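Have a look at the structure below before the remarks.
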Amino acid sequence: CLACAAECVVLFRIAKAKPPGVRYFAVRGEHGGAALTACLHPADQVVFAGGGPRAAEHLAAWLAEQGLDVPGVFAPEALSAPFAARYTALTGKAFKLVKALGHYGLSELASAPRRTGEVRLATLNDQALLAAYRAASQREANTQRPVDPEGTVAQEIEARSLYVLALPDGQVVSTGSILWDRSPLSGYVDHVFTPVAHRGNGHASSLVFALSQRILAKHRVARLSVDVDNAPAIAVYEKLGYKKACQMNNLRQVAPLERR
């Protein structure tokens, strides 16, 4: 179903990237099938999907028993709380909610917005500006996760997955990327950002429409995530035809001083 696919897309992306040190787990059900799949990046977070609250609690208990530290959690809304409660009870390490993201899917564009500029692949000439945009985007998002704006932008330019929307005078006023996950059915619109000075002019709508077109041209479902409190962005995406599939919660471990 769409909701399950949306929950798993982050796992696919992490598995494809294969960062060093990442560990993969599966909580099996009574009949031997994988009830929940997860991966842990020691410097970042554990990401998991599938199963139910009991599977999430079992995963938390196993990680605690193994002495594995969990800096953060990214999981479906219904699973993040039971995981955190169980892990905290066993280790004394608490979590707080720092971000709630709605995951949206699109199989057909509803309407074409006004075109505000040319959408093209980012080049090395754009790298410094886009790294600054990525850093600003991360500050706004406040995910409290370790980030490397320069490195990720360079990788995406090399992979030809990073795009910009440029005005006729060449000025870059919006940016976003397409991430192709392991599923043959979907592509992911990510890192959409328009500087404050250029917001309210339809640039994000024009960019996301163009990126979504590229995904649908490959006969895939287009997906994206957005902060549940970002009403203007949600309105843009829903007008294009995106529909909410599920909510994912991002929890971060509370520093010792915050636990007092």
Side-chain angles (χ1 to χ4, degrees), residues 3-30 32-103 138 141-149 151-152 155-156 179-183 186 188 190-191 223 225 227 245-256 258-259:
C4 292
E7 291 173 1
C8 292
V9 70
V10 177
L11 292 178
F12 288 138
R13 286 167 52 203
I14 289 178
K16 188 173 183 179
K18 295 181 180 177
V22 173
R23 302 181 64 175
Y24 299 89
F25 313 97
V27 177
R28 299 195 176 278
E30 295 179 359
L36 179 150
T37 53
C39 57
L40 172 66
H41 193 306
D44 189 1
Q45 61 188 0
V46 64
V47 182
F48 57 90
R54 287 183 62 188
E57 291 173 352
H58 187 79
L59 173 65
W62 189 87
L63 292 173
E65 289 168 3
Q66 298 299 311
L68 294 173
D69 188 45
V70 179
V73 179
F74 190 61
E77 181 180 21
L79 304 183
S80 58
F83 173 93
R86 183 64 172 156
Y87 189 84
T88 299
L90 294 172
T91 66
K93 297 176 180 179
F95 297 89
K96 64 179 178 180
L97 176 68
V98 297
K99 185 69 61 177
L101 296 174
H103 279 228
Q138 290 295 328
N142 189 34
T143 61
Q144 301 181 28
R145 295 177 58 198
V147 294
D148 176 14
T152 55
Q155 290 172 4
E156 290 171 25
L179 304 181
W180 302 102
D181 56 62
R182 283 188 168 183
S183 166
S186 65
Y188 195 85
D190 203 8
H191 301 305
R223 304 190 192 283
S225 301
D227 192 320
C246 66
Q247 178 173 314
M248 299 285 283
N249 285 351
N250 185 200
L251 313 179
R252 302 303 295 179
Q253 196 177 116
V254 177
E258 296 181 68
R259 297 176 194 155

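What you see is a predicted model; the values in this text were computed from it and never measured.
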Looking at CZ of Phe74 and NE2 of His41, how far apart are the two atoms once the value is rounded to the nearest 0.5 Å?
->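 Nearest 0.5 Å value for the CZ-NE2 distance: 15.0 Å.
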When rounded to the nearest 0.5 angstrom, what distance separates CD in Glu65 from CG in Leu90?
->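 Taking CD in Glu65 and CG in Leu90, the distance rounds to 7.0 Å.
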Would you please say whether a donor-acceptor pair under 3.5 Å links the side chains of Ser225 and Tyr188?
->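 There is such a pair between these side chains.
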Heavy-atom closest contact ([X] atom, [Y] atom, distance):
{"X": "Val46", "Y": "Ala38", "value": "CG2-CB, 4.4 Å"}
{"X": "Phe48", "Y": "Ala56", "value": "CE1-CB, 4.1 Å"}
{"X": "Pro53", "Y": "Leu79", "value": "N-CD2, 3.5 Å"}
{"X": "Cys39", "Y": "Val22", "value": "CB-CG1, 4.0 Å"}
{"X": "Val27", "Y": "Ala55", "value": "CG2-O, 3.9 Å"}
{"X": "Pro42", "Y": "Pro71", "value": "O-CG, 3.1 Å"}

Evaluate the criterion side-chain contact (heavy atoms from CB on, under 4.5 Å) for residue pair Trp62 and Leu68; output intermediate values, then yes/no.
-> CA-CA 9 Å; Trp62 189 87; Leu68 294 173; 4.1 Å; yes
Looking only at atom types and distance, does a side-chain atom of Lys99 sit under 3.5 Å from a main-chain N or O of Ala141, one as donor and one as acceptor?
->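 Yes; judged by distance alone, with no hydrogens or angles, the pair exists.
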Is the shortest side-chain heavy-atom distance between [X] and [Y] below 4.5 Å?
{"X": "Pro76", "Y": "Met248", "value": "yes"}
{"X": "Gln253", "Y": "Asp69", "value": "yes"}
{"X": "His191", "Y": "Thr152", "value": "no"}

Evaluate side-chain contact (heavy atoms from CB on, under 4.5 Å) for Phe25 paired with Leu63, printing each intermediate quantity in order.
-> CA-CA 10 Å; Phe25 313 97; Leu63 292 173; 4.0 Å; yes
Could I get the full list of salt bridge (Lys or Arg N to Asp or Glu O under 4.0 Å) partners for Asp44, not counting sequence neighbours?
->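 Per chain and number, Asp44 pairs via salt bridge (Lys or Arg N to Asp or Glu O under 4.0 Å) with Arg145, Arg252.
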So which pairs with a foot in residues 75-89 pass side chain to side chain donor-acceptor pair (under 3.5 Å), sequence neighbours left out?
->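 Output for this query lists Ser80-Asn249.
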